[in-house]
Amino acid sequence: MKHIAIYAVAFTLATPALSDEGETPFRDGLDLFGEGAQIILEGLREEMDPLLDEMQPFLEEEMLPFLRSLGDMIDDITVYEMPERLPNGDIIIRRSPDAPPWENDTDADGGDGIEL
């Protein structure tokens, strides 16, 4: 549905500007097309609101902490190779051989580690 709105905007911008001398059938068609696209997008938003409300706790409680911890482990995503799935189902993301050396932000005594 997102593509429909993009096409509608692109089509509208690609058409030459019409004079204000009067409405033409082409201009009427563009107006109707725009109204139809707006109605479709409003309907889609109304349908998605309950789903987004239902997903919000999951996103805040589980996905956000996961993404934060992943971000802490990965310094720059561009220095990693594409993920690879191993035969046992594990997924690994290798650091590129030409990547700069890894700079660990922990203290020399392992400040981020777990003290036993």
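Just so you know, these numbers use all the heavy atoms, side chains as well, and skip hydrogens, waters and symmetry mates.
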**Request:** Taking all non-hydrogen atoms of both residues into account, name the closest pair between Glu47 and Pro50 and its distance.
**Result:** O-CD, 3.4 Å
**Item:** Cluster overlap Met55 with Met63, hydrophobic side-chain contacts below 4.5 Å
**Value:** yes
**Asked** Out of curiosity, Leu67 CG to Glu62 CD, how far, rounded to the nearest 0.5 Å?
**Response** 11.5 Å
**Asked** Considering residues, nucleotides and ligands other than Phe58, do more than 12 of their heavy atoms fall under 6.0 Å from its CZ?
**Response** yes
**Prompt:** With the 4.5 Å side-chain cut-off for hydrophobic clustering, are Met73 and Leu64 part of the same group?
**Reply:** no
**Prompt:** Roughly how far, to the nearest 0.5 Å, is the CG atom of Asp90 from the CD atom of Glu84?
**Reply:** 11.0 Å
**Asked** Glu60 and Pro65: which non-hydrogen atoms are nearest, and at how many Å?
**Response** O-CD, 3.5 Å
**Prompt:** Is Glu42 atom CD crowded by more than 12 heavy atoms from other residues, nucleotides or ligands, each under 6.0 Å away?
**Reply:** yes
**Fill in**
Here the gap from Leu52 atom CG to Leu59 atom CG, rounded to the nearest 0.5 Å, amounts to 8.5 Å
**Leu41 reachable from Ile39 in the ILVMFWY side-chain graph, under 4.5 Å edges** = no
**Request:** Determine the minimum heavy-atom distance between Glu81 and Ile93, stating which atoms define it.
**Result:** O-CG2, 3.6 Å
**Prompt:** When you look at Arg45 and Asp49, which way does the salt bridge (Lys or Arg N to Asp or Glu O under 4.0 Å) test go after all the steps?
**Reply:** CA-CA 6 Å; Arg45 183 188 53 82; Asp49 278 345; 3.3 Å; yes
**Flag, side chain of Ser96 to backbone of Ala99, donor-acceptor distance under 3.5 Å** = no
**Shortest non-hydrogen contact between Tyr80 and Arg95, atoms and distance** = OH-NH1, 3.0 Å
